[in-house]
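Basis for what follows: all heavy atoms, side chains included, without hydrogens, waters or symmetry-related copies. In what follows, chains are A, B, ... by sequence order, proteins preceding strands, each numbered from 1.
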Protein chains: 2
Amino acid sequence: MAGTVVDERDDDELRILIQKVARRIRSNRAEGDVGDSQLSVLFYLDVRGALTPTELAALEHVTPPSMNRTVNGLEEAGLIVRERATDDARKVLVRLTPAGDRLLVETRRLRSVWFSDELANLTPTERAALEAARPALRKLAGG
Amino acid sequence: MAGTVVDERDDDELRILIQKVARRIRSNRAEGDVGDSQLSVLFYLDVRGALTPTELAALEHVTPPSMNRTVNGLEEAGLIVRERATDDARKVLVRLTPAGDRLLVETRRLRSVWFSDELANLTPTERAALEAARPALRKLAGG
DNA sequence: TATTGTTATACTCTATAACTATA
DNA sequence: TATAGTTATAGAGTATAACAATA
C-alpha cells in the first residue's frame, strides 16, 4: 500500500518529465521551421509513401479534422499534394512534394541540433539507459 | 561517417518518440480536466509554495506572457490567487487556493490512469529500462 | 535604466458538431 | 447506412512586440 503510493508518484514524475522534455524540444524550433505535427506528417509520408488523411490521423492519434487542418497547412505551403484515389473516389492520397522532401531533411537537421547537444551532455551511463528505453518509448508512443 | 548518419536518425527517432508519447498523454485528458501547463503550475505551487509569474515562467521554460495567460486561466477558475508582494510592489505572488489544491490532487489521479495502464502493459524489461532512463529524462527536462 | 507584470496579436495544434460525396 | 473527407467553431498553449508600474 505504501508501495502503491510511491509507484503512483513515480509514474506521475515520469509522465511529467516526458511532457516537459517534449515541451523543451518544441520550444527549440528554428526560424522558418515547421510545427511538430506537420513535421511528423512529412516524416510518415517519407517513410511510408502516400497515405490518406484518415491513415495519417490514426498514425498520429488525432481526429480527422485535426489532421485535415495539418494537411491544409502543408498543402498551402506546397509541401504536400492531395490526389484523388483511383480505386475509391472518396479517398484522398497525401503525397510529399520535392519541396516537402527538401524541407523534411532540412528541418530534421535543424531540430536535431538542440536535442543532440542535450544528449551529448548526458553521461555515457545515462545515454545508454535512454537508448535501452527506446523500445518502451516506442510502445508508449503507440505505433 | 556512416555511423554518424545512423546516430542522427536514432536521435531523430528518440526525439519524435518523446514528443509522441507526450502528445498521447495530453490527448488522454479527462473530462473537466485542466490543461498541461495549468496542471504543471499547480504542481509547482504545491511543492514550492507561492511563486512569482516570472519564477513560474523560468521553471516551465516559457515566456512571461505565456505564463501570464496560464495564470489568468487558473485565476478565472478560482484555482490560484494573485497577491502583491510586500517587499517589492512590482512583484506578484501566485498562490494555490484550497480549490486549486483539491483539483490538483484529483487531476493528478485522473491523469495517472491512462499512463499507469500503459506502463503496466510494458514487459518487466521495458519497464525497468524506462525506470533506468529516469535520470536521463530529468536532465533532459532541464530542472 | 532595468525589472516585473501585463495586454495585444497571431500562429499551431487540438477537439466536437455538422455537412458533402461516395460506397 | 457507413465511410472518407471536409468545414465551422472553439479552446489551450505558445510566441513577439509594446506598454505600465516600480526599483
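A:P53 comes within 4.0 angstrom of sugar-phosphate atoms only, judged by non-hydrogen atoms across all strands, and of no base. Base contact: A:R69 has a heavy atom under 4.0 Å from a base atom.
Taking 4.0 angstrom as the limit, B:S66 places a side-chain polar atom (N or O) nearer than this to OP1 or OP2 of D:dA15. Under 4.0 angstrom from either OP1 or OP2 of C:dT12 there lies no side-chain N or O belonging to A:T70. A sub-4.0 Å separation between OP1 or OP2 of C:dT3 and a side-chain N or O of B:T54 is absent. In this model, the phosphate group of C:dT16 is not approached by any side-chain N or O of A:T63 to a distance below 4.0 Å at OP1 or OP2. OP1 or OP2 of C:dT6 sits under 4.0 Å from a side-chain N or O of B:N68. Side-chain nitrogen and oxygen atoms of A:Q38 include none within less than 4.0 Å of the OP1 or OP2 phosphate oxygen of C:dT12.
Spacing between atom CE of A:M67 and atom P of C:dA15 amounts to 10 Å, rounded to whole angstrom units. Atom CD of B:E60 and atom C1' of D:dA15 are 16 Å apart (whole Å). Atom CG in A:L51 sits about 15 Å away from atom C1' in D:dG5, given to the nearest Å. Across the protein-nucleic acid pair, B:L42 atom CG and D:dA12 atom P stand 14 Å apart, rounded to whole Å. Atom CG of A:L56 is separated from atom P of D:dA4 by 13 Å (rounded to the nearest Å). Rounded to a whole Å, the CG atom of A:D36 is 13 Å from the C1' atom of C:dC11. Atom pair A:D87:CG and C:dT22:C1' shows a separation of 12 Å (rounding to whole Å applied). The interatomic distance linking A:Q19 (CD) with D:dA12 (P) rounds to 16 Å, in whole Å.
The cluster map of Ile, Leu, Val, Met, Phe, Trp and Tyr, joined by side-chain heavy atoms under 4.5 Å apart, puts A:V92 and A:V62 in different clusters. Cluster membership check: B:L59 shares its hydrophobic cluster with B:L45, using side-chain heavy-atom separations under 4.5 Å among Ile, Leu, Val, Met, Phe, Trp and Tyr. Clustering ILVMFWY residues whenever any of their side-chain heavy atoms sit less than 4.5 angstrom apart, transitively, puts B:V41 in a cluster other than the one holding B:L93. Clustering ILVMFWY residues whenever any of their side-chain heavy atoms sit less than 4.5 angstrom apart, transitively, puts B:Y44 in the very cluster that holds B:L42.
DNA chain D is contacted by no residue of residues 72-86 of chain B, taking any non-hydrogen atom closer than 4.0 Å.
Comment: B:E118 does not engage A:K139 in a salt bridge, judged by the lack of any side-chain N to carboxylate O separation of less than 4.0 angstrom. Look at A:R138 and B:E13 and you find a salt bridge, because one of the NZ, NE, NH1 or NH2 atoms lies within 4.0 Å of a carboxylate O, short of that distance.
For A:S66, the side-chain hydrogen bond (donor to acceptor under 3.5 Å, both in side chains) criterion is met by A:T63, not counting sequence neighbours.
The minimum heavy-atom distance linking B:L137 with A:V21 is given by the pair O-CG2, 3.7 Å. Across B:A133 and A:A129, no two heavy atoms sit closer than the pair CB-O, 3.8 Å.
Annotation: the span from A:R23 atom CZ to B:I18 atom CD1 amounts to 13.5 Å, rounded to 0.5 Å.
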Might you work through the side-chain hydrogen bond (donor to acceptor under 3.5 Å, both in side chains) test for B:S40 and B:E60, ending with a clear yes or no? CA-CA 8 Å; B:S40 196; B:E60 296 279 14; 2.8 Å; yes
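Distances from the side chain of A:V92 to the nucleotides D:dG5, D:dG13, C:dT6 place D:dG5 closest. Residue B:K91 places its side chain closer to C:dG5 than to any other of D:dT22, C:dG5, D:dT14.
Along DNA chain C, the nucleotide nearest to B:E55 and the one nearest to A:A89 differ in position, and the one closer to the 5' end is contacted by B:E55. Comparing A:R23 and A:T52 by the nucleotide of DNA chain D whose heavy atom lies nearest to each, the residue mapping closer to the 5' end is A:T52.
No donor-acceptor contact under 3.5 Å links the side chain of A:R26 to the base of D:dT14.
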Every protein N/O lying under 3.5 Å from an N/O of nucleotides 17-21 of chain C:
none

